[in-house]
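Take a look at the structure below.
Just so we're on the same page: letters track the sequence lines, and every chain starts at 1.
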Amino acid sequence: MIKFLLMVNKQGQTRLSRYYEQVELGKRASLEADVVRGCLARRKEECSFVEFKDYKLVYRQYAALFIVVGITENENELSIYELVHNFVEVLDKYFSRVSELDIMFNLDKVHIILDEMILNGHIVETNKTRILAPLLALDKMAES
Amino acid sequence: MSDVVEKTLSALPGLFDSQTGAARITSRLRQLVKSITELTSKHEEESLIKQELSSMKEQVSSPNTSMKQMREIMVRAMYCEMLGYDASFTYIHAIKLAQQGGVLEKRVGYLAVSLFLNEGHELLLLLVNTVLKDLQSTNVIEAYMALTVVAQVFPKDMIPAVLPLLEDKLSEIIRRKAVLALYKFYLIAPNQVQHIHAKFRKALCDRDPGVMTSSLHIYLQLITESPDDYKDLTGSFVTILKQVVDGKLPVDFNYHNVPAPWLQIQLLRILSLLGKEDRSTSELMYEVLDESLRRAEMNHNITYAILYECVKAIYTIHPKAELLEKAARCIGNFVLSPKINLRYLGLKALTYVVQHDAKLALQHQMTIIECLDHTDFTIKRETLELLFRITNAQNVTVIVEKMLDFLHVYEQCTTSYKMNVRCYVPMITLTFAPDNSWFIQTMNDVFSTGGDLLQQDVPNNFLRLLAEGKREEDDQLRLYAVNSYLTVLNGDASHLPQRFLQVMSWVCTTTHTHTHTHTHTQNKNSAMRLIQILVRDLKKSYLLNISVRLYSNFKYHFSSSTLILEGVKRVWGRDGYLRQNETTAPPVDEPSAAVQPSGQQEAAERLEPQPEPSTQNQDKLQLASSLFVGLGAGSSMSLLGKSEAPPPRFRKKPRPHESSSSSSSGTSERSSDSSSRSSHSTTDSFLYGSLLEEEPATSISAFSHTPKSSTANGLAQNKDTKEDRRANTSQILGGDMVIVRPNTFQDKHPSLVSSDLTALLPADLKDLPHSDVISLTSDPSLSLSSCRLFRDEALLLVILISNCTETVIKDVAVQLTCEELEVWNVMNCLEGNSTSVCHYALLMDEPHTNVSFTGTVSYQTQPGHTNTLSFSGTLSAADFIRPLVVSTEEYGKLWLSLSHDVKQNLKLLTDASDPLRTTLNALKDALQLHVVDIIGSEGIVACRLLSGAPCLLHCRVNGAALAMWLRSPHPALPDCILYHCQRALAQH
């Protein structure tokens, strides 16, 4: 099961966070700081999975941005690693060459995309066309 | 892929100027984002967000704020909350936005609700009406949004209101989301969706792959909970997987040319659950698993993710040799990969499969050693996990050394994963320790580094082990421990963890009291010195307390030929140690040869590297030879348990001797298993304590007593054990489980009527007191009956299987399950009209008035055609009660030391001349009690539960009733015995 997904930059600033298991607001900042520290401490030649508290982190770096997913032991780390990439590819398709700023300016839309892909900590859709369909429909209605 | 995020902050000014694309947003949000990117300190962030929150507060309360502005405020609120600042004043406005906004505003409103409110938040109730309205909207987008939020967060109590609407949606275009919403309901309130299981099936068969995929989440959950109810769907899952693998899905389901990889993974997980321990179901999936292995050839991460899942499935379901071989080859591709992520997953797969076949580790020993020295923490830890699974008596010292190294290096890091390693060390040390000094030194290391982070049962088990032995060698062990503590305390003791000091103080006091041979006065002296140091130097008041209480309790410490009660342990018991300690069992004449001094030397010899042809790296080869010793096919201590184990050090009591029913009297069976090959079997008290703690209050343990019984595997394992045991049926004889080989004597015996079946009992069991033979079940081919035999140290449950046909029945396998435990029994064939017997020894650890057992017999009348026959039965606590033979004096002492008591008036059998004697005799017959003495109108009676806990009964004639007063160290035992006494008297 997926516990949370974070987008954090190298400076440790959170750009997006989605929790699939309740974490108190007050505890999130320190948890995120620990997560970033855990990932930044790793070197390039080390694997993309690291233990953290009672779960595992799967992280992937895109330019200055880290996408970190917290998962339980029974998840398949490599499939999550690729899920992150699929997510980035979807964002890239929607924003046509996505950047950190696109994500910041469109926080709500990134969330809407993510909600199509992951629900209650489970992967529910990975087909790019289908992930984007509801958002594109929404955009069309808003324009007209 | 790093080019995806090419535009970085340097592009910022340009974006703010141009009003196109991503930057086309309203000014306030743009300003906030800009300010956030410019933040340089936490302090700046704080003042920025404070300012933002107050401006938002002003805006939301203004009547002029439009829905569009409100949407922007919501996104700003998301930012504030994301940075950890409370914006709860906006929550109500999120609900309003979902209620009143246009489509885009509505979506953001719902999004904000799902981000801000958790299940159970009271404001969620205000959302219900909006959701209901939107679900009935003619606008599909609105209904879709409502379904999305329902699938994320919805008040449990309001499910009935929305359920009918949801069910309607199951036939609409947005049915995929409706299925996901139902899944959510199933998670939070499974009872409410019970009636729509048929609709789940319909969703599974939906022509839209998306709907089918969504229904798999529900099925994975359902099948995890009760796999047996969904076996009929196996064919469907297999067909779906086959179609996916064959590329029958539309091409947009592909990810890097691999068809729907995450769907494949989900299906593989479902199949492995269904095929586990089920031969016929497994047979349905061999082909598609083979196909999946074959298809996943492309060199992309995602195909490896699928392969990993596939390998796991192949090793989980009923095994097929050809597939296992292919899967094992496949693991080679992983672990040898230069890509570190693949190598990690390979190690993880290997860790999983070595539980089934330890030899696989041999193939990759050099890779494993490289990984052990890897700089990457994750890789290193996974390797230790793997080593833990292949530990045996020969490689334990090397593996423990590696684990302790790891713990020293990563002392600061206290993830719970690390905790695992911390627990592994004592676990395997207790199980496989080759000699005294190594054992004590390792445990000292564990206590001083792990200290207070250790789980409670580690000191528990250690102390129990130290307290138990009563022989010369045990005194030596204690002496060694005490002396090692004196050395430790001579150094700097200030950093020692509290728990280590507690262990020390306990050990020295127990040593002081326990020294049995007078030659060991030095034991006592050392112990006294240690107490003095502890009390004087550390000034820990609890230590003083303990000493004082210990001495005052010594008067209760007595020993007799049949019973030893430990005042010491009981006192400590209330402080938390040795919680489960119920009196020890009567001492047994122990074969003193079982152990020691030679062990040290032997271990050294074993660890000597085998002379190998010198290749490039002698060190690694040497390490390999010590790490993987014992895993080879021919060597001892193999996981497959084929050959003899060296005499294990830390099993104090002799194994109940094979067939001889009378040899050991009341040995506590839990710790009696003398073979470290069976270290993970449930009979092992040390492992039991630390590994299976979560098992429901230790109910019944089953193990074998037959001459050919063998328990395999030298591994200490966690709760996976049970699964492993199940998954390995084809290798039953060499495999990872407790095996009871039936005595196939009298195979040609003519078919008998049930009453004659007792004649079939094994010769060595015939004379035991036994119950009547009860018929359990039968089908046209087999009939099953059972008989209970009351042995002194266990209850023997004998199952008689009779072939009622003229033909030979093959592959008869009996499986008995009692709560968490099970035992397999295999025989190759059963001749026509013959009867075979298998028996199980059972113990009750926690008193229960009644327990039930279930089981199945599977057999083949024709090749390839497996039938199963299930049976069940009940055992009563009375079956597990044995007389406790004590003298009146011992009874008196014991009585005073027991804490839990129950009083009750019982029926007195008044129709005889001596009512008290008659009544007690009636109870004795029904419950196997020992009547210690009858004096006037009072009688004292003693009994024990098989696992050891005594129960004393004090009976007094009180008018027409029998006043009974029961005492036991076990709180539940008196109630249990009382219940059976009442029943026995009522039936009389």
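- For chain A, the option among B:Arg176, B:Arg71, B:Gln266, B:Lys177 with the highest count of heavy-atom pairs below 4.5 Å is B:Arg176.
- For B:Ile302, the parts sitting under 4.5 Å from any heavy atom of chain A are the backbone and the side chain alike.
- Contacts between A:Leu91 and chain B at a heavy-atom distance below 4.5 Å are absent for every atom of the residue.
- Interface summary for chain A: among B:Gly84, B:Ala260, B:Ser114, the most heavy-atom pairs under 4.5 angstrom belong to B:Ser114.
- Proximity to chain A involves both the backbone and the side chain of B:Val103, based on heavy atoms less than 4.5 angstrom apart.
- Your options are A:Ile80, A:Leu83, A:Asp139, and the one with the most heavy-atom pairs under 4.5 Å with chain B is A:Leu83.
- Using modelled atom types and a 3.5 Å distance limit, the side chains of A:Arg28 and A:Thr14 yield no donor-acceptor pair.
- When the candidates B:Ile379, B:Val75, B:Asn301, B:Leu216 are compared by the number of heavy-atom contacts under 4.5 Å with chain A, B:Asn301 comes out ahead.
- For chain B, the option among A:Asn74, A:Thr129, A:Asn86 with the highest count of heavy-atom pairs below 4.5 Å is A:Asn86.
- For A:Ile112, the parts lying near chain B are the backbone and the side chain together; criterion is any non-hydrogen pair under 4.5 Å.
- For B:Arg343, no part lies near chain A; criterion is any non-hydrogen pair under 4.5 Å.
- Electrostatic pairing of B:Glu72 and B:Arg30 does not count as a salt bridge here, judged by no charged N lying under 4.0 Å from a carboxylate O.
- Looking at B:Gln264, there are no atoms closer than 4.5 Å to chain A (heavy atoms on both sides), in backbone or side chain.
- Contact annotation for B:Lys339: neither backbone nor side-chain heavy atoms come within less than 4.5 Å of a heavy atom of chain A.
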* Working for side-chain contact (heavy atoms from CB on, under 4.5 Å), residues A:Ile131 and A:Phe87 -> CA-CA 10 Å; A:Ile131 293 166; A:Phe87 176 47; over 6 Å; no
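- Contacts between B:Asp252 and chain A at a heavy-atom distance below 4.5 Å involve backbone atoms as well as side-chain atoms.
- Among the candidates B:Leu111, B:Val108, B:Leu83, the residue making the largest number of heavy-atom pairs closer than 4.5 Å to chain A is B:Leu111.
- When heavy atoms are compared at a cutoff of 4.5 Å, B:Leu115 approaches chain A by way of both its backbone and its side chain.
- Atom-to-atom distance recorded for B:Ile36:CD1 and B:Ile49:CD1 is 5.0 Å, nearest 0.5 angstrom.
- Side chain to side chain, A:Glu77 and B:Tyr308 fail the donor-acceptor criterion of an N or O pair below 3.5 Å.
- Looking only at atom types and distance, the side chain of A:Arg60 has a donor-acceptor partner in the side chain of A:Tyr62 under 3.5 Å away.
- With chain A as partner, the option from B:Leu32, B:Thr213, B:Ile141 having the largest number of non-hydrogen pairs under 4.5 angstrom is B:Ile141.
- The ring pair (Phe, Tyr, Trp, His ring centres under 6.0 Å) test with B:Phe334 singles out one residue from B:Tyr352, B:Tyr304, B:Tyr344, and that residue is B:Tyr304.
- Taking the six-membered ring where the residue is Trp, B:His300 and B:Tyr255 present perpendicular rings, their angle passing 60° and hence far from 30°.
- When each of A:Leu16, A:Val50, A:Leu107, A:Leu78 is checked for heavy-atom pairs under 4.5 Å with chain B, A:Leu78 comes out on top.
- Only the side chain of A:Leu119 comes within less than 4.5 Å of a heavy atom in chain B; its backbone stays farther off.
- If you measure heavy-atom distances from B:Met74 to chain A, you find no contacts under 4.5 Å at all.
- With chain B as partner, the option from A:Arg42, A:Glu45, A:Lys128 having the largest number of non-hydrogen pairs under 4.5 angstrom is A:Arg42.
- Ring geometry for A:His122 against B:His217 counts as tilted: the plane angle lies between 30° and 60°, on a 0 to 90° scale.
- With a 4.5 angstrom heavy-atom cutoff, B:Leu263 does not touch chain A via any of its atoms.
- In this structure, the portion of A:Tyr81 lying under 4.5 Å from any heavy atom of chain B is its side chain and not its backbone.
- Options A:Ala29, A:Ser48, A:Gly26 differ in how many heavy-atom pairs under 4.5 Å they form with chain B, and the most are formed by A:Ser48.
- The number of heavy atoms from other shown groups lying within 6.0 Å of CG (B:Leu187) is above 12.
- Interface summary for chain B: among A:Glu32, A:Glu46, A:Lys27, the most heavy-atom pairs under 4.5 angstrom belong to A:Glu46.
- Taking B:Lys312, B:Met82, B:Glu105 one by one and counting their heavy-atom pairs under 4.5 Å with chain A, the maximum is reached by B:Met82.
- When only modelled atom types and interatomic distance are considered, B:Tyr110 and A:Asp115 share no side-chain donor-acceptor pair under 3.5 Å.
- With a 4.5 Å cut-off on side-chain heavy atoms, B:Leu249 and B:Pro259 do not count as touching.
- With a 4.5 angstrom heavy-atom cutoff, B:Tyr183 touches chain A only via side-chain atoms.
- Here the side chain of A:Asp92 pairs a donor or acceptor atom with the backbone of A:Val98 at under 3.5 angstrom.
- Contacts of B:Phe253 with chain A are made by both backbone and side-chain atoms, with heavy-atom separations under 4.5 Å.
- Counting only heavy atoms from C-beta outward, the side chains of B:Leu29 and A:Phe105 never approach each other to under 4.5 Å.
- Listed by chain and residue number, nothing satisfies the side-chain hydrogen bond (donor to acceptor under 3.5 Å, both in side chains) test with B:Tyr79 (two or more places apart in sequence, or in another chain).
- Residues satisfying the side-chain hydrogen bond (donor to acceptor under 3.5 Å, both in side chains) criterion with A:Lys3, sequence neighbours excluded, are A:Glu21.
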